[in-house]
Amino acid sequence: MDRFHELNAFIAVVETGGFSAAARTTGDSQSAISKAIGALEKRLGVMLFNRSTRRVTLTDQGRRYYDRTKPLIDEIQDADSELTKTTLGVSGLIRVAVSATFGRLHVLPLIPDLLSLNPGLRVDLVLSDIVRDMVEDRIDLAIRVGPVDEPDAVVRRVAITPLVCVGSRLYFERHGLPKIPAELVDHNCLLYGGITEGANWPFLGREGRFSVRVQGNLSSNSVETIRAAVLAGVGIGLFAKVSLADELGHPDVITILDDFMSDVRDISLVWPKRRFVPTRVRQVTDFFAEAIARRT
């Protein structure tokens, strides 16, 4: 069997998570995909996948083989694309990870234009507030709001967004409006990040930067949860401004302590550091860099 066909079948199974899904992606039959994987495993003398009735996962040898062969296949496909380049843009699968709120508000609206410019492109958009392991989860590109601490990644900052302290009119009618940051200790401050024992919120005063330790009756590792609770009048929240793009102009949503707010958060594009970056990743990165800068 053709070795290139075996590798394409192997990579399709890895990236789609199963033999039937790989068959749909490649246009082959499921039996052809299974036969290709079997031939590849026989030639290599190792099992590349753990198989069960419910799912297919890589073995340790399979993971190492994928990490070595995927860049080679990408480079071959890039070479083909350069020789057959048309006005139809890039093609292939790209897996993009982004936090749920920023993704819904600022990335998802860009996807139709991205796909229109690149009809052969397939996007797997992973919306999660959990910072994904880019290699383990096979993420081609991550869009991050906030600091990035990944020494094995390339980071491209494309915009910044200020922090805002926000509550609803309903909450402030019931509990009063804090005039200085110190008064937050008497308010219900909702905490992002799953912090349950309190958090230090940053501010800037006449004597420089300082923080106020706040507490509340709700914490979550989901920005969407804190955002919804703040809008419902449960308490006060601290957000990157881009997380409230739809609400800040509403009369029932009030920003407070604006004179004390100075911190900003970077909006960055992040991808694994490697020798070869596929053309589709480079072009999609450029697309998001320009489009997100315009939106924010």
Side-chain angles (χ1 to χ4, degrees), residues 1-86 88-97 111 114-115 118-128 132-142 152-154 270-285:
M1 180 173 287
D2 176 44
R3 183 175 294 187
F4 189 68
H5 180 258
E6 292 174 359
L7 287 176
N8 275 328
F10 168 67
I11 288 169
V13 172
V14 174
E15 294 184 343
T16 62
F19 286 73
S20 58
R24 290 192 296 271
T25 298
T26 63
D28 291 333
S29 66
Q30 185 172 341
S31 63
I33 294 293
S34 181
K35 186 178 178 181
I37 298 301
L40 179 60
E41 290 179 326
K42 182 178 179 180
R43 180 169 59 80
L44 295 174
V46 298
M47 294 293 292
L48 299 172
F49 293 102
N50 298 306
R51 298 165 173 84
S52 72
T53 56
R54 300 184 63 182
R55 62 176 185 162
V56 176
T57 59
L58 283 168
T59 63
D60 290 342
Q61 294 98 326
R63 165 61 60 191
R64 291 197 297 270
Y65 194 64
Y66 175 82
D67 291 341
R68 292 293 299 273
T69 57
K70 172 62 173 171
L72 298 177
I73 296 299
D74 282 340
E75 196 156 1
I76 291 171
Q77 291 174 343
D78 254 27
D80 288 350
S81 296
E82 285 185 9
L83 293 179
T84 60
K85 190 173 290 183
T86 68
L88 296 180
V90 294
S91 61
L93 174 68
I94 184 165
R95 188 168 166 85
V96 181
I111 296 298
L114 176 63
L115 295 178
N118 303 279
L121 189 67
R122 291 177 291 119
V123 178
D124 182 10
L125 188 61
V126 181
L127 298 180
S128 173
R132 318 290 297 198
D133 184 305
M134 299 189 70
V135 175
E136 181 69 23
D137 292 336
R138 302 188 300 280
I139 302 298
D140 295 301
L141 177 67
D152 294 327
V154 181
V270 186
W271 60 95
K273 188 181 295 182
R274 53 193 176 190
R275 182 179 62 84
F276 174 74
V277 179
T279 297
R280 67 178 178 278
V281 176
R282 296 197 302 268
Q283 293 201 14
V284 170
T285 298

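Computed from heavy atoms alone, side chains included, the values below leave out hydrogens, waters and symmetry copies. Note that this is a predicted model, so its numbers are computed, not measured.
- Residue A32 comes nearest to H5 through the heavy atom pair O-CE1, 4.4 Å, listed as atom of the first residue, atom of the second, then distance.
- Of the possible donor and acceptor atoms, one in the side chain of T285 sits under 3.5 Å from a partner among the backbone N and O of V281.
- Residues passing the side-chain contact (heavy atoms from CB on, under 4.5 Å) test with N8, sequence neighbours excluded: F4, I73, Q77.
- Shortest non-hydrogen contact noted between R280 and L93 is NE-O, 2.7 Å.
- Counting heavy atoms from C-beta on, the side chains of V13 and I37 come closer than 4.5 Å.
- A salt bridge links K70 with E15: at least one charged nitrogen is closer than 4.0 Å to a carboxylate oxygen.
- At least one side-chain heavy atom of T279 sits under 4.5 Å from a side-chain heavy atom of Q283.
- Listed by first and then second residue, the salt bridge (Lys or Arg N to Asp or Glu O under 4.0 Å) pairs involving residues 22-33 amount to none (not counting sequence neighbours).
- To the nearest 0.5 Å, atoms CG (L114) and CD1 (I94) are separated by 8.0 Å.
- Applying the salt bridge (charged side-chain N to carboxylate O under 4.0 Å, His left out) criterion to D133, with sequence neighbours excluded, gives no partner residue.
- Between the side chain of T59 and the backbone N or O of L48 there is at least one donor-acceptor pair closer than 3.5 Å.
- Not counting sequence neighbours, the partners of Y65 by the ring pair (Phe, Tyr, Trp, His ring centres under 6.0 Å) test are F10.
- In this structure, P272 and M134 approach most closely via the heavy-atom pair CD-CE, 3.5 Å.
- In this structure the side chain of W271 never reaches within 4.5 angstrom of the side chain of D140, judged on heavy atoms.
- Partners of R138 according to the salt bridge (charged side-chain N to carboxylate O under 4.0 Å, His left out) rule, which considers only residues two or more places apart in sequence or in another chain, do not exist here.
- At least one donor-acceptor pair closer than 3.5 Å links the side chain of R282 to the backbone N or O of V277.
- Scanning for side-chain hydrogen bond (donor to acceptor under 3.5 Å, both in side chains) contacts around T69 gives an empty result, with sequence neighbours left out.
- T16 pairs by the side-chain contact (heavy atoms from CB on, under 4.5 Å) definition with A21, A22, T25, not counting sequence neighbours.
- In this structure, CG on L141 lies 10.5 Å from CG on L125, to the nearest 0.5 angstrom.
- For D137, the side-chain hydrogen bond (donor to acceptor under 3.5 Å, both in side chains) partners at least two apart in sequence or on another chain are R132.
- The nearest pair of heavy atoms linking A12 to T26 is CB-CG2, 3.7 Å.
- Of all the heavy atoms in Y66 and P71, the pair that sits closest is O-CD, 4.2 Å.
- Inter-residue side-chain proximity for L58 and F49 is flagged as met; some heavy-atom pair is nearer than 4.5 Å.
- Screening residues 40-53 for salt bridge (Lys or Arg N to Asp or Glu O under 4.0 Å), with sequence neighbours left out, gives E6-R43, E41-R51.
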